[in-house]
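The structure presented is a predicted model; accordingly, all values stated were derived computationally and were not measured. The basis for the numbers below is simple: all heavy atoms, side chains too, and nothing from hydrogens, waters or symmetry mates.
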Amino acid sequence: MKKAFYYAFRGIGNAIQSERNMKIHLFVMILVVLAGIFFQINFLEWMLCLMMFLLVIAGEMFNTAIETVVDMAMPEKNELAKKAKDIAAGAVLVLALGSVIVGGIIFFPKVVSLF
């Protein structure tokens, strides 16, 4: 059981270290947390933000895993391999856009109320 957690945390660390998009997602997550503190968002809003953080981060990790396996199985150019990688990247984009929409619903009225 301890080994399973060790490997899982190692995978998270590897994704953070090696994936530029993961670093971008984490940076945006920190900005959203700071905005949430500044605007004193409520419990439900924090839960929605947390859910979106986890979905985007997990999606990025699934995408990375899919791309790694595809590259390993098909090192030369292949249209089906490209299709699989593009679809996985598209899934992350859908999650990221969804999180932007949720963030907009939460934060837009708070930003507008400043003016």
Side-chain angles (χ1 to χ4, degrees):
M1 181 80 161
K2 277 197 319 192
K3 272 191 174 187
F5 281 105
Y6 169 77
Y7 293 131
F9 281 113
R10 190 169 77 177
I12 293 168
N14 185 285
I16 292 168
Q17 257 185 336
S18 66
E19 295 302 312
R20 182 180 62 88
N21 287 345
M22 182 66 84
K23 291 175 183 147
I24 293 168
H25 294 311
L26 290 173
F27 178 73
V28 170
M29 185 176 80
I30 291 167
L31 292 179
V32 171
V33 168
L34 293 173
I37 292 167
F38 178 79
F39 287 111
Q40 299 178 340
I41 62 176
N42 66 41
F43 180 78
L44 177 61
E45 292 167 332
W46 276 116
M47 291 301 101
L48 289 169
C49 287
L50 178 63
M51 184 173 56
M52 297 314 298
F53 295 157
L54 296 174
L55 284 170
V56 171
I57 297 298
E60 188 64 51
M61 292 174 71
F62 285 131
N63 178 48
T64 299
I66 289 167
E67 287 184 352
T68 301
V69 170
V70 167
D71 288 345
M72 197 171 61
M74 191 62 58
E76 64 278 349
K77 286 203 180 250
N78 178 289
E79 277 305 306
L80 289 177
K82 181 184 179 323
K83 182 178 179 180
K85 291 169 70 170
D86 289 350
I87 291 170
V92 177
L93 179 60
V94 168
L95 290 169
L97 291 174
S99 71
V100 168
I101 292 168
V102 170
I105 291 168
I106 293 170
F107 289 103
F108 184 75
K110 295 171 184 352
V111 172
V112 169
S113 72
L114 291 176
F115 300 103

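The OH atom of Tyr7 sits 14.0 Å away from the CG atom of Asn14 when rounded to the nearest 0.5 Å. Between the CG atom in Asn63 and the CG atom in Asp86 there is a gap of 10.0 Å [rounded to 0.5 Å]. The OG1 atom of Thr68 lies 6.5 Å from the CD atom of Glu19; values are rounded to the nearest 0.5 Å. The distance from the CG atom of Leu93 to the CD1 atom of Ile87 is 13.5 Å, given to the nearest 0.5 Å.
The heavy-atom pair separating Gly59 from Leu95 by the smallest distance is CA-CD1, 3.9 Å. Nearest heavy-atom pair, Ala81 versus Val70, reported as atom, atom and distance to 0.1 Å: CB-CG1, 3.4 Å. Closest approach of Gly104 to Pro109, counting heavy atoms only: O-CD, 3.8 Å. In terms of heavy atoms, Ser99 sits closest to Ala96 at OG-O, 2.7 Å.
Between Ile41 and Ile106, the closest side-chain pair of non-hydrogen atoms falls below 4.5 Å. Considering only heavy atoms from C-beta on, Val92 comes within 4.5 Å of His25 through its side chain. With contacts defined as side-chain heavy-atom distances shorter than 4.5 Å, the pair Glu79/Lys82 qualifies.
Evaluation of the salt bridge (Lys or Arg N to Asp or Glu O under 4.0 Å) test over residues 50-73, restricted to residues two or more places apart or in two chains, returns Asp71-Lys85.
Both Trp46 and Met51 belong to a common hydrophobic cluster when Ile, Leu, Val, Met, Phe, Trp and Tyr are linked at side-chain heavy-atom distances under 4.5 angstrom. Phe108 and Val102 fall into different hydrophobic clusters, where Ile, Leu, Val, Met, Phe, Trp and Tyr side chains are chained together by heavy-atom contacts under 4.5 Å. In this structure, Met72 is not a member of the same hydrophobic cluster as Phe62, with clusters built from ILVMFWY side-chain heavy atoms closer than 4.5 Å. Linking Ile, Leu, Val, Met, Phe, Trp and Tyr whenever their side-chain heavy atoms come within less than 4.5 Å leaves Val94 and Met29 in two separate clusters. Side-chain heavy atoms closer than 4.5 Å link hydrophobic residues (I, L, V, M, F, W, Y) into clusters, and following such links, even through other members, never connects Ile30 to Phe107.
Among residues two or more places apart in sequence or in another chain, the side-chain contact (heavy atoms from CB on, under 4.5 Å) test is passed with Met61 by Ile12, Ala15, Met22, Ile57.
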Please list, one pair per line, the donor and acceptor atoms closer than 3.5 Å that link side chains of residues 32-39 to other protein atoms, with sequence neighbours excluded.
none

